[in-house]
Amino acid sequence: RSSDLTITRAICVLFAIIVFSCIIGEGFSNPSTSQESKCLYGNEDACRYGICIGVVAFLACIFFFVVDLYFPQISSATDRRYLVMADLGFSGLWAFLWFVGFCFLTHTWSAVDKKELLVSGVQAAIAFSFFSIFSWVILAIFAFKRLRMGVDDFTRGYDDPSAVPPYSGYPNAAGGSYQQPPFTNNPDPASGYQPPVY
């Protein structure tokens with residue numbers, strides 16, 4: 001159902017915001033001996049990776065929200081198939097990247113001396129990167145189910161205008177059809193009507 005898909009996407013957006021905002025807000029410290037901010041995970045790449053996958057996941061979810069909103073109005077079966085395949089591929093890839101991120105952040109955090117550190121934001125980023133794995137796997141499952149249903153099922157409720165039969169003509173009182181075009185310069189001489197000349 002589309003409501004389940006929308007809820008899952010909203011959860012993915014929330015988790016992504018939590019991860020990158022926790023790393024940006026509390027993942028760096030500025031020691032008194034240095035002017036430079038230092039990543040609390042002990043590795044600058046860990047902070048960059050967490051921020052990067054969080055921001056890209058947020059932007060991708062917004063993009064796929066818009067795609068889901070306009071999906072029923074897309075008439076091309078090929079375009080629909082490509083969008084569902086893109087959703088499936090991206091969701092699967094991002095579930096894997098969240099798994100890598102969780103392992104990376106956890107590994108680098110385990111090697112850090114945690115004395116006198118404010119660790120709540122750092123640990124929250126690790127926890128929500130773990131939760132993000134499952135939310136993105138669920139999105140991939142939804143996309144896979146949509147792909148298996150097939151594009152033909154997606155087109156329900158859409159009437160192709162080219163499938164409507166052409167207009168056959170207006171029947172007149174005598175039972176025949178009106179065949180003469182309505183605006184011609186050559187009127188039927190049997191009718192006796194002469195149009196005015198301007």
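The figures that follow rest on heavy atoms only: side chains count, while hydrogens, waters and symmetry mates do not.
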Fill in the blank from the handout: Nearest heavy-atom approach of Val13 to Cys61 is CG2-CB, 3.2 Å

Practice task
State, with a plain yes or no, whether a side-chain heavy atom of Phe128 is found less than 4.5 Å away from one of Cys22.
Solution key: no

Exercise for the section: Kindly compute the distance separating OG (Ser132) from CG (Leu14), expressed to the nearest 0.5 Å. Expected result: 9.0 Å

Practice task
Report the relative orientation of the aromatic rings in Phe58 and Phe20; use parallel for angles under 30°, tilted for 30 to 60°, perpendicular for over 60°.
Solution key: perpendicular

Handout entry: Arg81 side chain vs Ser76 backbone, donor-acceptor pair below 3.5 Å
Key = no

Problem - Contact summary for Phe65 and Ala10, nearest pair of heavy atoms - result: CZ-N, 3.6 Å

Exercise for the section: For this output row, return yes or no: ring centroids of Phe102 and Phe99 closer than 6.0 angstrom. Expected result: no

Problem - Validation row: Val56, Trp94 side chains within 4.5 angstrom (heavy atoms) - result: yes

Problem - Short side-chain to backbone donor-acceptor contact, Ser129 and Ile126, under 3.5 Å - result: yes

Practice task
Would you kindly confirm whether Leu69 and Phe71 end up in one hydrophobic cluster when ILVMFWY residues are joined by side chain heavy atoms under 4.5 Å apart?
Solution key: no

Exercise for the section: Compute the centroid of each ring, for Phe134 and then for Trp98, and state whether the two points are separated by less than 6.0 Å. Expected result: no

Exercise for the section: Report yes if some heavy atom in the side chain of Val67 is under 4.5 Å from a heavy atom in the side chain of Asp87; otherwise report no. Expected result: no

Practice task
For the residue pair Phe90 and Leu139, establish whether any side-chain heavy-atom pair is separated by less than 4.5 Å.
Solution key: no

Handout entry: Interatomic distance, Asn43 atom CG to Lys38 atom NZ [nearest 0.5 angstrom]
Key = 11.0 Å

Handout entry: Note, Phe64 side chain near Leu83 side chain (heavy atom, < 4.5 Å)
Key = no

Problem - Phe96 atom CZ, over 12 foreign heavy atoms within 6.0 Å - result: no

Problem - Pairs flagged by salt bridge (charged side-chain N to carboxylate O under 4.0 Å, His left out) wherever residues 55-70 is involved - sequence neighbours left out - result: Arg9-Asp68, Asp68-Arg146

Practice task
Decide yes or no for Phe131 and Ile11: does some side-chain heavy atom of the first lie under 4.5 Å from some side-chain heavy atom of the second?
Solution key: no

Considering only distance and modelled atom types, tabulate donor-acceptor pairs under 3.5 Å from the side chains of residues 48-55, sequence neighbours left out.
{"unit_1": "Arg48", "atom_1": "NH1", "unit_2": "Asp45", "atom_2": "OD1", "d": "2.8"}
{"unit_1": "Tyr49", "atom_1": "OH", "unit_2": "Leu97", "atom_2": "O", "d": "2.9"}

Exercise for the section: Determine yes or no for a side-chain-to-main-chain donor-acceptor pair under 3.5 angstrom, with Thr108 supplying the side chain and Leu105 the backbone. Expected result: yes

Completion exercise
For Ile74 and Arg80, the nearest pair of non-hydrogen atoms, with its separation, is O-NE, 2.5 Å

Completion exercise
Rounding to 0.5 Å, atoms CG (Leu88) and CD1 (Ile141) come to a distance of 10.5 Å

